**Q** 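Sharing a structure, written as structure tokens. Questions coming.
It should be emphasised that the depicted structure is a prediction, and the values quoted were computed from it without experimental measurement.
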Amino acid sequence: MVEKIAFTKEEIESRVKVPAIVEVELKHLIEERLKQSGLYYRIFSRIKTSESLARKYQVKSYNAEKKIQDLVGLRVDVYFEDDLRICRRMMEHMFSLVEWSESEQNESEFKPVKINGVFRLPDYLKQQISDETWEMCIDDTFEIQLKTVFFEGWHEIEHDMKYKGGELWSGKNSFARYFNSILATLELCDKSLVTLFENLGHELYKERNWAGMMKAHYRLKMEEHPMYPELEELLNNDYSEDNLGKRLFKTSRQVLVEELLKQPRRVPINVNTIVALVNQAVIHDERLEKLFHDRDVFDDGNENIGEEMTFGKLRPLRKVTVFKALVNLSTYKYSKHEACVEAARLAYSWFYDKYGHLDGDLPTEPMTFEKNLLGYRLVIVYEPEHDYWKMNCMHIDMEAPGQVWVAEAECYLEEDGRQMLSVKNSYAVSEERRGYLNRYFSCPKFYSNIADKIGLFDVRYLSTSRKIIRDYQIGKIHDLILSKKRTMPVCLVVSYERDNGWLNEDWLENFRVYDFTRMAGRYTHIYTCNMDIGNQLLESLGMALDEPAVYVFKSAASVPKGDIIGYYSVYREEDILNCSFGRQQMKQAGRRYDIVKGGQAFYHKLLQEMRAEMMDA
């Protein structure tokens, strides 16, 4: 008897390492073929969690002969029952099949129709998974489930409440029979839908409604594209016994789908291309061949699909910077060397948290190395003896197709002895898509951690605590505003004051000065002062002040010829109170767009302006 093997959740977590790219790549490969086929579908995927694997070891016996085969699982739900067979053939052509299993059907019992296929992982994906995984009674396979959408929703109920919950039904024959009748109804719905569209297609064929007939008969995702007049004339005038219309109707949708999948690229699906493909596969009519050749049918009016899906056609990527900073590390708490080493530790901790689960071989502390994984790249140069380090990483975006993220950080000694930190966060897209994407601010977490733990200087100290200017500081703030070395904007808030000389906090709270400082203080110099201090400071800059206002001074690098005073922004009380701002917020799974007004709006507008300073023009 072969001994049963089991592993704890902790053992599984430490040894089974499956990077997300494995799941993403498998899903992408399948979905691209489904899109090319024109079938109606939904696709889901998952990687088994350590908890799920631990439960599986407990309830079933696994050993060297019998292994877990669904470490990675995908499910394809189709809308028509006959698509199950088409999808099955599609998967067999894409991957190396191990075996199929199908739920048994008999005359006295109804259950969800489910087809499970086990396939070998492609070698390039298998290599991304930790070697120890294969020592855990886990096979180098993945599973694909095929079901119809009618049974998809009820399958989980049937699995949990009936298959796993057999005790619920003991002695409850009437309830079990009722449940089976529901499943029987779903099976009837699956079959009835196909029959309905076949009958509708036949009726439209008899009416010589060729476009309608093809929609009903082939049941694919079709574009609204008018039939060529020449094609319609050919079909209408063919009254032979085996006419073109009849041959179109008698060609199965499986033949059409297989012809779509033979194409070297994804082609548009409409009434004209369908006839062209069926003619290419079955009919072979010379008149149709000439018509479609002259019309260039597969590219007619569908340049976008042709461009986007041409296999092998690559485009250069362009960077869009969403955060950048050049500052020097504070030496209040650390020496220059200690600050450099601590900043490297904080930055690498962020990199390790993002990439460590993808590869168990990553060092836990910063050191010089280079790691290339499928879709990921991490390069570290670590030379603490020279007070120098550099870290670059690149990874694909899991949500936005064709988008790549690049994070860069460098720490080095300047000639004047300052320990400098340069940080840049960007995403890269093709030039065609660049104009359609949002320019959103994205500050890497490690930058904030370094700012909070070590401290950062940009001529003067950057702080998320509100700073009030005193008389003796006017000259220093004057020099900060005019400094050619300053890389961050300066935001000066001149406030009303109370009778006792304190700032009028009610006026400041109109636009949430405390929150604004906390949010933007790591990349903006933010100062508040009363009217008297504000007048003295602005007069020293050759400017006048007649009422409380908010001034924003750009850095020398971001204005023409470093003309800081010539390119400042000023917002007065009426600008603040009359401000209107449209903002996007995440609301559960979707986005919500709303309009805020007054001080609340000005807070968002000012924050956006400061963040825009940190991004490329």
Side-chain angles (χ1 to χ4, degrees), residues 13-21 128-132 319 321-398 404-414 417-428 441-458 462 464 487 522-523 614:
E13 284 180 339
S14 65
R15 301 177 69 183
V16 179
K17 306 290 185 183
V18 187
I21 187 61
Q128 306 305 312
I129 300 173
S130 62
D131 290 337
E132 287 182 294
K319 269 189 182 180
T321 300
V322 292
F323 178 85
K324 65 175 181 178
L326 178 60
V327 291
N328 62 287
L329 299 177
S330 169
T331 54
Y332 284 164
K333 303 176 186 176
Y334 301 90
S335 68
K336 290 178 184 176
H337 174 72
E338 290 170 339
C340 175
V341 171
E342 180 64 13
R345 188 190 67 78
L346 291 169
Y348 185 71
S349 175
W350 180 84
F351 282 88
Y352 185 82
D353 286 345
K354 289 184 77 71
Y355 290 85
H357 69 285
L358 300 176
D359 189 333
D361 293 334
L362 285 188
T364 56
E365 295 293 328
M367 64 174 59
T368 298
F369 72 92
E370 180 174 347
K371 180 66 70 171
N372 288 286
L373 302 171
L374 188 66
Y376 304 86
R377 185 169 185 264
L378 181 58
V379 179
I380 311 289
V381 178
Y382 185 57
E383 300 174 357
E385 66 276 13
H386 299 126
D387 293 328
Y388 177 83
W389 56 263
K390 185 175 184 178
M391 302 184 190
N392 285 10
C393 74
M394 181 181 72
H395 67 270
I396 61 173
D397 193 310
M398 294 301 175
V404 177
W405 281 93
V406 183
E408 305 165 82
E410 186 175 17
C411 189
Y412 59 92
L413 270 177
E414 191 62 274
R418 291 179 297 160
Q419 189 72 54
M420 304 301 295
L421 175 68
S422 172
V423 175
K424 196 174 197 180
N425 199 28
S426 315
Y427 65 85
F441 177 87
S442 179
C443 173
K445 181 65 176 174
F446 70 81
Y447 176 84
S448 301
N449 291 341
I450 291 172
D452 295 343
K453 181 154 189 185
I454 300 173
L456 300 175
F457 266 83
D458 174 48
L462 291 159
T464 55
T487 63
R522 299 183 185 92
Y523 46 84
M614 308 308 298

**Q** Just jot down the side chain to side chain contact (heavy atoms under 4.5 Å, CB included) partners of Tyr352, sequence neighbours excluded, or say none.
**A**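 Residues passing side chain to side chain contact (heavy atoms under 4.5 Å, CB included) with Tyr352: Tyr348, Leu362, Thr364.
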**Q** Which residues pass the side chain to side chain contact (heavy atoms under 4.5 Å, CB included) test with Ala339, sequence neighbours left out?
**A**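 Counting only residues at least two positions away or on another chain, Ala339 forms a side chain to side chain contact (heavy atoms under 4.5 Å, CB included) with Leu329, Tyr334, Ile454.
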**Q** Run the salt bridge (charged side-chain N to carboxylate O under 4.0 Å, His left out) test against Asp452 and tell me which residues pass, sequence neighbours left out.
**A**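 For Asp452 the salt bridge (charged side-chain N to carboxylate O under 4.0 Å, His left out) partners, ignoring immediate neighbours, are Arg522.
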**Q** List for me each residue that meets salt bridge (charged side-chain N to carboxylate O under 4.0 Å, His left out) alongside Glu383, sequence neighbours excluded, and say none if there are none.
**A**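 By the salt bridge (charged side-chain N to carboxylate O under 4.0 Å, His left out) rule, Glu383 matches no residue at all.
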**Q** Quick one: list whatever passes side-chain hydrogen bond (donor to acceptor under 3.5 Å, both in side chains) with Arg377, sequence neighbours left out.
**A**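 side-chain hydrogen bond (donor to acceptor under 3.5 Å, both in side chains) list for Arg377, sorted by chain: Glu370, Asn372.
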**Q** Is there side-chain contact between Lys354 and Leu378, with at least one heavy-atom pair below 4.5 Å?
**A**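 Side chain of Lys354 against side chain of Leu378, heavy atoms only: no contact under 4.5 Å found.
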**Q** Looking only at heavy atoms, what is the nearest atom pair of Tyr382 and Pro366, with distance?
**A**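 Result for this residue pair: CD2-O, 3.4 Å.
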**Q** List in chain and number order the residues that pass salt bridge (charged side-chain N to carboxylate O under 4.0 Å, His left out) with Lys453, two or more places apart in sequence or in another chain; answer none if no residue qualifies.
**A**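 For Lys453 the salt bridge (charged side-chain N to carboxylate O under 4.0 Å, His left out) partners, ignoring immediate neighbours, are Glu342.
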**Q** Do any N or O atoms from the side chain of Thr321 and from the backbone of Ser426 form a donor-acceptor pair under 3.5 angstrom?
**A**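 No; zero donor-acceptor contacts below 3.5 Å.
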**Q** Quick one: list whatever passes salt bridge (charged side-chain N to carboxylate O under 4.0 Å, His left out) with Glu410, sequence neighbours left out.
**A**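 Partners of Glu410 under the salt bridge (charged side-chain N to carboxylate O under 4.0 Å, His left out) test: none.
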**Q** Using the side-chain hydrogen bond (donor to acceptor under 3.5 Å, both in side chains) criterion, which residues pair with Asp387? Sequence neighbours excluded.
**A**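 So Asp387 forms a side-chain hydrogen bond (donor to acceptor under 3.5 Å, both in side chains) with His337.
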**Q** Not counting sequence neighbours, which residues clear side chain to side chain contact (heavy atoms under 4.5 Å, CB included) with Ser349? List them please.
**A**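 With neighbours one apart ignored, the set is Asp353.
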**Q** For a 4.5 angstrom cut-off between non-hydrogen side-chain atoms, does Phe446 reach Phe351?
**A**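 Phe446 reaches Phe351 side chain to side chain.
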**Q** Got a sec, which residues hit side-chain hydrogen bond (donor to acceptor under 3.5 Å, both in side chains) with Glu414, two or more places apart in sequence or on another chain?
**A**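 In terms of side-chain hydrogen bond (donor to acceptor under 3.5 Å, both in side chains), with neighbours along the sequence ignored, Glu414 is linked to no residue.
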**Q** Go through the structure and list residues passing side-chain hydrogen bond (donor to acceptor under 3.5 Å, both in side chains) with Tyr523, not counting sequence neighbours.
**A**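 Partners of Tyr523 under the side-chain hydrogen bond (donor to acceptor under 3.5 Å, both in side chains) test: Arg611.
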**Q** Residues in side chain to side chain contact (heavy atoms under 4.5 Å, CB included) with Asn392, at least two apart?
**A**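 Counting only residues at least two positions away or on another chain, Asn392 forms a side chain to side chain contact (heavy atoms under 4.5 Å, CB included) with Lys390, Glu408.
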**Q** Just wondering, do Arg15 and Ser130 contact through their side chains at under 4.5 Å, heavy atoms?
**A**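 A side-chain contact is absent here, since even the closest heavy-atom pair is not under 4.5 Å.
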